[in-house]
2 protein chains.
Amino acid sequence: MSNVINSPERVAPETLARVQAEIDRLGFRPSRAAQSLKQERAGAWGLELNSAGFGRLGAILDIFLIELTTGAAERGSHVVPFTAADSAAPLPAYERLVASRVADGFVLTDTRRDDPRPAWLEAHHVPYAAFGRVWDDPGITSWVDVDGASGVEAAVHHLAGQGYERIGYLGWPEGSPVGDDRRSGWVRATTDLGLANPEWQARSTQSLPSACRAAAGLLDLLGRGAAIVCASDTLALGAWRVLLERGLEPGVDIGLVCFDDTDIAEALDLSSLHQPLDRVADRVLHLLATGPDPRDPAGGLLLPPELVVRSSSKPAGNRTTRKEK
Amino acid sequence: MSNVINSPERVAPETLARVQAEIDRLGFRPSRAAQSLKQERAGAWGLELNSAGFGRLGAILDIFLIELTTGAAERGSHVVPFTAADSAAPLPAYERLVASRVADGFVLTDTRRDDPRPAWLEAHHVPYAAFGRVWDDPGITSWVDVDGASGVEAAVHHLAGQGYERIGYLGWPEGSPVGDDRRSGWVRATTDLGLANPEWQARSTQSLPSACRAAAGLLDLLGRGAAIVCASDTLALGAWRVLLERGLEPGVDIGLVCFDDTDIAEALDLSSLHQPLDRVADRVLHLLATGPDPRDPAGGLLLPPELVVRSSSKPAGNRTTRKEK
DNA sequence: TTGTATGCGTTATCAG
DNA sequence: CTGATAACGCATACAA
């Protein structure tokens, strides 16, 4: 009797033991397909893998996928990755999974302005939760994101605490919501600290040559003894390269803090803002399971990143000892 | 009638059109759960995400996952990622998916010596195919791998063709099957070309400081004008760093070719051996669908990587022009 | 408290 | 060639 499995409290202890023994002996495990059919839910969440977010330098989505997979398993469900044939028009791929009832809902990543997915999912009453703000509609609260502004702010305060007085910012071109958010943290923190100088910033796309050019220009402006906060680990790689080419040592001649804390930051021993992907995954799964909390009309959840201090932002004491060449 | 969907040739053209019209009108799509139940197959392949292979510097498995997902979708199935609670003892996680019939079989990655998975899967008659050789048992042919030896060999020949005469090798410590395989390509090629020198090699683990130390030692040995083949992009990053620190330019003062062709190689503009992950995924899915070919007892499939030439291995002509400092 | 029957949405079989 | 029907394995409601 399946009561033993699903409501053990409704069954006599003695029969429970007997049936349980049989279950163990036979190695019985319920079939997901039959369960899904009966319960009319797949027990799986779809996750679109788009090449914009995956497999790129400084990608963190692979880690997020691991966290999501683990978290889903703990809640008795699965993650079904899928790709859209045309990444500019992903809706058909979502529609397929919904229509064949392979996924009960979706985890959105790489949310952007004019993202067609939230509206479509809302219209079709498909549950979803986003890693990344839903920028188009403040009324939508089914998202979790990392607070880029407060992260960069913390980085600036950290650098100021280490004794840096000229703190520049190497970010993305204006217009990307994530980039603008991170930059605002730099503006706020330098203003608060009385270190503001709107000149001390440079913009670069996520390509290394571009990052190197931007970093070089910024370094010319700032000079030795300054610090730079980078909007991503890729930008930091560019900055790091320019430092090396100029014979400058990160954390000694120039302070460096970057965002994302990918393997690159770790490998290069760069201080970085670590995104709490385990907590993001946990909250996303929670949202998916319960739906957005109607008592909380304020919006989604903003998680602060954690600053991981490495040698690229050494305290002032260490910096005084110049390394012999 | 479902004959229209599953065997349209057995149905009168007129009824077919009529029923098809209804299907389109109603937007009917078969439910995967019901199909799975009826056909007694999940239509999904399990893929273990272990933190050894994912989210690490120079990881290519995220790209492989995309290829696998796309390929599976083309064949009407899905990929179900999962993690093992204890990555040293992954079998229970496999067992769960089999028992609840969530996955019909598995794609193995990160195969290693004394890997318990192939034997277990064979014993339980669970279909599987590996990306990476099954090292323990030459009788097992259900794998696809990239031919590291021939790849490195091609890299050495390429460098020799560019005019390099001292070609060193920066690899992993002895004992890893993949590393030994790649190294053997260097030995073979340098021997064939009469450029062999067993001294010209260094060994390093996949950490940047270690790679830098090893690369520095190797460079001391080889001197300017030599070339280095690296067993991975991470090792190449170490070599690249040492070059920069010494004021040497890759492709001008030192030739550099690495393995894996990850985002790092692309960002640093390093020549690299590109693994044909799309073809690997395709063959793995083919193996899964058909089982290993009994007419081919010779073993699995070895695909040659493709050398992507970038600025770090410029032809000799370009090298003659020394850059002004 | 325990056992039994029904139906979830398919596909395959079989009688018409 | 077509339409009806049983069975896949489970959960649930209901009868015993």
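By convention in this document, chain letters (A, B, ...) are assigned in the order of the sequence lines, proteins followed by strands, and residues within each chain are numbered from 1. Below, all heavy atoms of this structure are taken into account, side chains as well, without hydrogens, waters or symmetry copies.
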With respect to the phosphate group of C:dT2, does any side-chain polar atom (N or O) of A:Thr15 fall under 4.0 Å of OP1 or OP2? yes

For D:dA11, take OP1 and OP2 only and decide whether either is under 4.0 Å from a side-chain N or O of A:Gln35. yes

Under 4.5 Å between any side-chain heavy atoms of A:Phe64 and A:Val280, yes or no? yes

If you take atom types as modelled and just measure distance, does the side chain of B:Lys38 reach the base of C:dA12 with a donor-acceptor pair under 3.5 Å? no

Measure from [atom1] on [X] to [atom2] on [N] and round the result to the nearest Å.
X	N	atom1	atom2	result
A:Arg41	D:dT12	CZ	C1'	16 Å
A:Gln39	D:dA11	CD	P	6 Å
B:Arg18	D:dC1	CZ	P	15 Å
A:Glu40	C:dG9	CD	C1'	9 Å
A:Arg101	C:dC8	CZ	P	13 Å
A:Leu37	C:dT6	CG	P	17 Å
A:Leu16	C:dG3	CG	C1'	16 Å
A:Ile23	D:dC10	CD1	C1'	13 Å

A:Ala99 versus B:Arg29, closest heavy-atom pair with distance: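 Looking at all heavy atoms of both residues, the shortest contact is CB-CG, 3.4 Å.
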
Return the minimal non-hydrogen interatomic distance between B:Gly105 and B:Val126, and the atom names on each side. CA-CG1, 4.0 Å

Quick one: do A:Asp110 and A:Arg112 make a salt bridge, cutoff under 4.0 Å?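 Yes, charged N to carboxylate O under 4.0 Å.
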
Of A:Arg32 and B:Glu14, whose closest DNA chain D nucleotide lies nearer the 5' terminus? B:Glu14

Hey, does B:Arg29 reach any base, or is it just sugar-phosphate, or nothing, if we go heavy atoms under 4.0 Å?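 Touches sugar-phosphate only.
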
